[in-house]
Each structure stands twice: as C-alpha cells, then as structure tokens.
Amino acid sequence: MTSAQALVADGLASYYGDRFNGRRTASGERFNQHELTAAHRTLEFGTRVLVTNKANGRSVAVTINDRGPYTRGRSIDLSKGAARELGMLGRGVAPVKLRVLKDSRAPEADALPQPANPVAVAQAEQLMMDLF
C-alpha cells in the first residue's frame, strides 16, 4: 500500500519492546524500544505516521521500520517509547487514528490530495486488516 492509499485510517494499536530490543527489524535496522518507530503490514519503510490515541487525544509521530502486527484486528505495533507518549503502556492496546505524514521516498506526501471518499478508504483498509 502506498502512502497515498492510506492517508487516514482508524484502528487498534499495540506495542512491543523489551524482548525485541536490539533485534533486527524487517527493514534491517536494529529495533530500539525507546525510539519512536512502528510496525505496519503494508506501509513502506520510512513512512512517517501520526498516531493519535482516540481515548485520550495524545499523538506521536512514528517512522515505519518493521512489519506487523501479526495479531488479528490490530493496525499498528508501536515501539514502547511511542506507546509511552500515547499513554497506553498500562493497557497495552488503544484505539487510534493513523495519518500518513511523510514518506522518505515521497517527501511531498503531506501535499497529496485527499481520497475522494476517505471513509470508504478507511473501511476498505480495516476490512483488509481483519482478513489477516
């Protein structure tokens, strides 16, 4: 999926940290649980995503550097540092809004036009995530 196809979506976030710290991510870099990174099934590595916790309104910008989540119904796996910023460490999961900010391969991603029907795009993405 390109950043243009997923400008805005709702979903469920989880986080990973301690036992994966120092291991290689799918992008080849070492995972640092304190950095503001995330795993997503389809967004390109290097894509910047603004994640907003819908329960408390807190937001954090993360960079996609890994693949996942592998748990059905979840949209994004955040680093422990990003989860801390969102105030979701205690619960482990949170309803979130995802908005693509910038992709290192397409710096103009912020300027991309909105899809004709963003609700339909978000619903289609949720349907695809539910299939995994």
Taking the side chain as every heavy atom from C-beta outward, state whether [X] and [Y] have any atom pair closer than 4.5 Å.
X: Thr47; Y: Thr63; result: no
X: Tyr16; Y: Asp66; result: yes
X: Glu35; Y: Asn65; result: no
X: Ile64; Y: Glu44; result: no
X: Leu98; Y: Val51; result: yes
X: Arg30; Y: Arg23; result: no
X: Arg41; Y: Pro69; result: yes
X: Leu43; Y: Ile76; result: no

Just wondering, more than 12 heavy atoms not from Arg24 lying within 6.0 Å of its CZ? yes
If I compare all heavy atoms of [X] with all of [Y], which pair ends up nearest, and what's the gap?
X: Arg84; Y: Arg58; answer: O-NH2, 3.6 Å
X: Gly57; Y: Thr52; answer: O-CG2, 4.0 Å
X: Leu12; Y: Pro95; answer: CD1-N, 3.8 Å
X: Ala13; Y: Met88; answer: O-CE, 3.5 Å
X: Asn56; Y: Leu86; answer: ND2-O, 2.9 Å
X: Leu36; Y: Ala61; answer: CB-O, 3.6 Å

Got a donor-acceptor contact below 3.5 angstrom from the Asp77 side chain to the Ala39 backbone? no
Backbone N/O of Val100 and side chain of Arg48: donor-acceptor pair under 3.5 Å: no
side-chain contact (heavy atoms from CB on, under 4.5 Å), that's the test. Do Asp10 and Lys54 meet it? Break it down for me. CA-CA 9 Å; Asp10 289 326; Lys54 292 169 68 174; 3.5 Å; yes
In Å and rounded to the nearest 0.5 Å, what is the NZ to OG distance from Lys97 to Ser75? 14.0 Å
From Phe31 atom CZ to Lys80 atom NZ, the distance as rounded to the nearest 0.5 Å: 9.5 Å
Take Phe45 and Thr25 through the test side-chain contact (heavy atoms from CB on, under 4.5 Å) and record every step on the way to the result. CA-CA 10 Å; Phe45 297 136; Thr25 65; over 6 Å; no
